[in-house]
Trainee: 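After the structure tokens below, expect a handful of questions from me.
Being a predicted model, the structure only gives us computed values, none of them experimental. The chain is numbered in sequence order, starting from 1. Atom set for the values below is all heavy atoms of this structure, side chains included, hydrogens, waters and symmetry mates excluded.
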Amino acid sequence: MPKITVLPHAELAPEGAELQVPTGTSICEALLENGIEIEHACDMSCACTTCHVIVRQGFDSLNELQEEEEDLLDKAWGLEPQSRLGCQAIVAHTDLTVEIPKYTINHAKENH
């Protein structure tokens, strides 16, 4: 099972985290299932950017970026070349290191 190393985030994962996740899981699902409450305002339907993550290691092992995700990423806060929407980035067999950006474009947090 691949491992996702989550870099420290002041609110969501102050100590960081290491998660063992099944192949085929989205990064967003993996974080949520392990108690890291990343925002996902559109319920993981690729309609917002609140689950934006930066994949620091293992980026090339993820599924191919689709045009819809690419268009949305242009609106994400802190966009980098290794940015993905957590709801669309599917874990393969390679370990990942993920950073959750400090901000999102969401103006109000929702309790999911």
Trainee: Are a donor atom and an acceptor atom from the side chains of S83 and E80 found within less than 3.5 Å of each other?
Mentor: no

Trainee: In sequence, state the C-alpha distance, the side-chain angles, and the governing distance for H40 and L32, and then conclude on side chain to side chain contact (heavy atoms under 4.5 Å, CB included).
Mentor: CA-CA 10 Å; H40 54 291; L32 292 169; 3.6 Å; yes

Trainee: State, without any angle test, whether H93 and S61 hold a side-chain donor-acceptor pair at a distance under 3.5 Å.
Mentor: no

Trainee: I need the minimum non-hydrogen distance between S45 and C42, along with the two atoms involved.
Mentor: OG-O, 2.9 Å

Trainee: Which value, rounded to the nearest 0.5 Å, describes the distance between T49 atom OG1 and D74 atom CG?
Mentor: 10.5 Å

Trainee: Quick one: OG1 on T97 to CD1 on I54, what's the gap to the nearest 0.5 Å?
Mentor: 12.5 Å

Trainee: Might you point out which heavy atoms bring I38 and C51 nearest each other, and give the distance in Å?
Mentor: CD1-O, 3.7 Å

Trainee: How far apart are the closest heavy atoms of C28 and M44, and which atoms are they?
Mentor: SG-SD, 3.6 Å

Trainee: Would you name the heavy atoms of A30 and V21 that are closest together and state the gap between them?
Mentor: CB-CG1, 3.5 Å

Trainee: Verify the cluster assignment for L85 and I100: are they in a single hydrophobic cluster under the rule of side-chain heavy atoms below 4.5 Å apart?
Mentor: no

Trainee: Look at the side-chain heavy atoms of Ile, Leu, Val, Met, Phe, Trp and Tyr, link any pair under 4.5 Å apart, and say whether I27 and I90 land in one connected group.
Mentor: no

Trainee: Using every non-hydrogen atom in the two residues, find where V91 and P2 come nearest and quote the distance to one decimal.
Mentor: CG1-CG, 3.5 Å

Trainee: Hey, what do you get for CZ (R84) to CG (L73), rounding to the nearest 0.5 Å?
Mentor: 8.0 Å

Trainee: Within the 3.5 Å criterion, strictly below it, is a donor on T50 or E39 matched to an acceptor on the partner's side chain?
Mentor: no

Trainee: Find the distance between CD (E69) and SG (C46) and round it off to the nearest 0.5 Å.
Mentor: 6.0 Å

Trainee: I would like to know whether L62 and L96 meet side chain to side chain contact (heavy atoms under 4.5 Å, CB included); could you show each step before the answer?
Mentor: CA-CA 9 Å; L62 298 171; L96 303 173; 3.9 Å; yes

Trainee: Using the rule that Ile, Leu, Val, Met, Phe, Trp and Tyr join whenever any side-chain heavy atoms are under 4.5 Å apart, tell me whether L12 and V55 fall into a single cluster.
Mentor: yes

Trainee: Heavy atoms only: give me the nearest V6-A13 pair and the separation to one decimal.
Mentor: CG1-CB, 4.4 Å

Trainee: From H9 NE2 over to K102 NZ, what is the distance, rounded to the nearest 0.5 angstrom?
Mentor: 8.5 Å

Trainee: Under 3.5 Å, is there a donor-acceptor pair between the side chain of N34 and the main chain of L19?
Mentor: no

Trainee: Which distance, rounded to the nearest 0.5 Å, do you find between the CD of Q88 and the CD of E64?
Mentor: 13.0 Å

Trainee: Please determine whether residues F59 and L31 belong to a single hydrophobic cluster, defined as Ile, Leu, Val, Met, Phe, Trp and Tyr linked transitively by side-chain heavy-atom distances below 4.5 Å.
Mentor: yes

Trainee: One pair to check against side chain to side chain contact (heavy atoms under 4.5 Å, CB included): T5 and V98. What are the steps and the verdict?
Mentor: CA-CA 6 Å; T5 300; V98 172; over 6 Å; no

